[in-house]
Protein chains: 2
Amino acid sequence: MAYTKVEQDIVLEKLMDVFRSVGYDGASMTDLADATGLKKASLYHRFPEGKEAMAHAVLNHVANWNNAQIFDILVSSGPVEERLDTALKSIDTLYNGGRVACILRALSHGRAAEIFRSEIAEIFGKWVTAFAHVAGDVGHDPQSANRLGESTLIRIQGSLILAQTLHRPDLFQDALRDIKTDFLK
Amino acid sequence: MAYTKVEQDIVLEKLMDVFRSVGYDGASMTDLADATGLKKASLYHRFPEGKEAMAHAVLNHVANWNNAQIFDILVSSGPVEERLDTALKSIDTLYNGGRVACILRALSHGRAAEIFRSEIAEIFGKWVTAFAHVAGDVGHDPQSANRLGESTLIRIQGSLILAQTLHRPDLFQDALRDIKTDFLK
DNA sequence: GTCTATAGCTAGATAGAC
DNA sequence: GTCTATCTAGCTATAGAC
């Protein structure tokens with residue numbers, strides 16, 4: 001019997017945790033098997049193409065989550081402040097308040113970057129577009145809106161790096177606050 | 001005969017290139033040997049503790065470079081705009097206009113993070129302190145100066161990630177411009 | 001679908017000649 | 001100091017029983 005979507009989603013979440021915390025090269029099949037509770041041969045049954053296919057599946061899962069929890073929220077109708085609050089809350093949860101790394105960052109460096117760059121670029125692009133959409137809603141012209149979208153993503157990624165390296169999750173919290181201010185000022 | 005400092009510095013630069021482009025886990029001894037033009041056994045002669053010692057030496061080299069080219073410049077006397085221009089120019093060169101990754105970022109993720117975090121945190125801290133010093137010079141109170149120092153580093157790291165993943169070095173250039181504006185407005 | 005067992009390879013690291 | 005040759009451990013990946 002085929003595994004259910006829920007079971008596969010749980011496996012994807014576990015795989016994501018490994019890639020996110022130790023990186024693509026740092027994630028061994030043994031690590032991935034241990035994290036999922038499956039044996040290596042069972043993982044290969046689910047992902048015949050091996051580690052690369054696992055990371056692709058994880059990225060696809062992440063893209064779906066982002067579409068539902070962040071992009072759709074940001075471009076929906078309703079008060080701007082409410083949309084921002086909901087999306088920023090999701091982002092805060094996603095990164096556990098600044099205490100965990102970004103899976104996109106983990107897969108966008110080193111040899112992994114060559115493999116996954118286009119997928120990650122697409123997700124990054126959607127973040128920019130979604131935030132630029134909000135910027136347009138609060139009166140920015142298209143060019144200025146786009147720049148605000150870009151600087152929002154820059155703030156998130158940059159603050160995550162500092163938050164983790166300096167053990168200062170408050171830097172991520174500050175960044176989320178600054179982002180909201182940028183849009184509402 | 002012992003190798004000269006220049007020879008060793010060249011080796012460190014080559015090692016840095018490898019770590020920066022493929023990450024710590026992604027850098028094999030074969031990669032490192034090929035890049036330096038030395039054989040593996042010769043690398044072990046220079047770095048008896050192996051790969052970890054090489055990365056430590058690279059970080060030490062980077063710290064020295066940063067001290068001379070960035071921190072000392074920023075906290076020197078002289079016109080603020082001149083200091084900023086010189087430091088930002090160095091940063092632009094360091095990251096080849098936004099086209100190469102940051103060695104600190106490369107070593108601050110995954111299993112490498114546990115090993116090198118404190119060294120990297122110290123370098124990051126100096127960046128923040130140096131930029132905060134400039135912020136103080138242009139009239140910010142200590143708390144506000146510190147936040148400006150932090151957001152400067154966030155801008156640099158975040159824009160580097162986007163610049164490389166999206167193949168958009170202009171995002172890094174924009175960030176450098178925004179940084180200057182932040183300080184002079 | 002999941003497992004045990006293992007093949008084949010490359011990793012980091014070392015011995016010892018020169 | 002640098003080299004060739006080699007060791008062992010851990011890697012990705014597969015075969016085949018259940």
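Since the structure is predicted, the reported quantities are computational estimates derived from the model, not experimental observations. Heavy-atom basis, side chains included; hydrogens, waters and symmetry copies ignored. So you know, we letter chains A, B, ... as the sequences are listed, proteins then strands, and number each from 1.
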Partners meeting side chain to side chain donor-acceptor pair (under 3.5 Å) with [X] (sequence neighbours left out):
| X | result |
| --- | --- |
| B:Glu82 | none |
| B:Asn64 | none |
| A:Arg99 | none |
| A:Lys89 | none |

Let me know the distance between [atom1] of [X] and [atom2] of [N], rounded to the nearest Å.
| X | N | atom1 | atom2 | result |
| --- | --- | --- | --- | --- |
| A:Asp25 | C:dG12 | CG | P | 11 Å |
| A:Arg111 | D:dC11 | CZ | P | 16 Å |
| A:Lys51 | D:dG10 | NZ | C1' | 12 Å |

For [range], which residue pairs pass the salt bridge (Lys or Arg N to Asp or Glu O under 4.0 Å) check, not counting sequence neighbours?
| range | result |
| --- | --- |
| residues 56-68 of chain B | none |
| residues 23-45 of chain A | A:Asp31-B:Arg111 |
| residues 12-24 of chain B | B:Asp17-B:Arg20 |

Output side-chain donor-acceptor pairs under 3.5 Å for residues 170-179 of chain A, partner residues at least two apart or in another chain, one line each.
unit_1   : atom_1 : unit_2   : atom_2 : d
A:Asp170 : OD1    : A:Arg168 : NE     : 2.9
A:Asp170 : OD2    : A:Arg168 : NE     : 3.3
A:Asp170 : OD2    : A:Arg168 : NH2    : 2.9
A:Gln173 : NE2    : A:Asp92  : OD1    : 3.0
A:Gln173 : NE2    : A:Gly97  : O      : 3.3
A:Asp174 : OD1    : A:Arg177 : NH2    : 2.7
A:Asp178 : OD1    : B:Arg147 : NH2    : 2.9
A:Asp178 : OD2    : B:Arg147 : NH2    : 2.8

task: Could you tell me which residues satisfy salt bridge (charged side-chain N to carboxylate O under 4.0 Å, His left out) with A:Arg83, sequence neighbours excluded, listed by chain and number?
output: A:Asp137
- request: Ignoring hydrogens and angles, tell me if any N or O in the side chain of B:Glu7 forms a donor-acceptor pair with the backbone of B:Thr4 under 3.5 Å.
  value: yes
Close residues, residues 40-48 of chain A, relative to DNA chain C [heavy-atom separation under 4.0 Å]: A:Ala41, A:Ser42, A:His45, A:Arg46
field: Contact residues, residues 6-24 of chain A to DNA chain D [heavy atom, < 4.0 Å]
entry: none
message: Short of 4.0 Å, heavy atom to strand atom, which residues of residues 27-39 of chain B count as contacting DNA chain D?
response: B:Leu38, B:Lys39
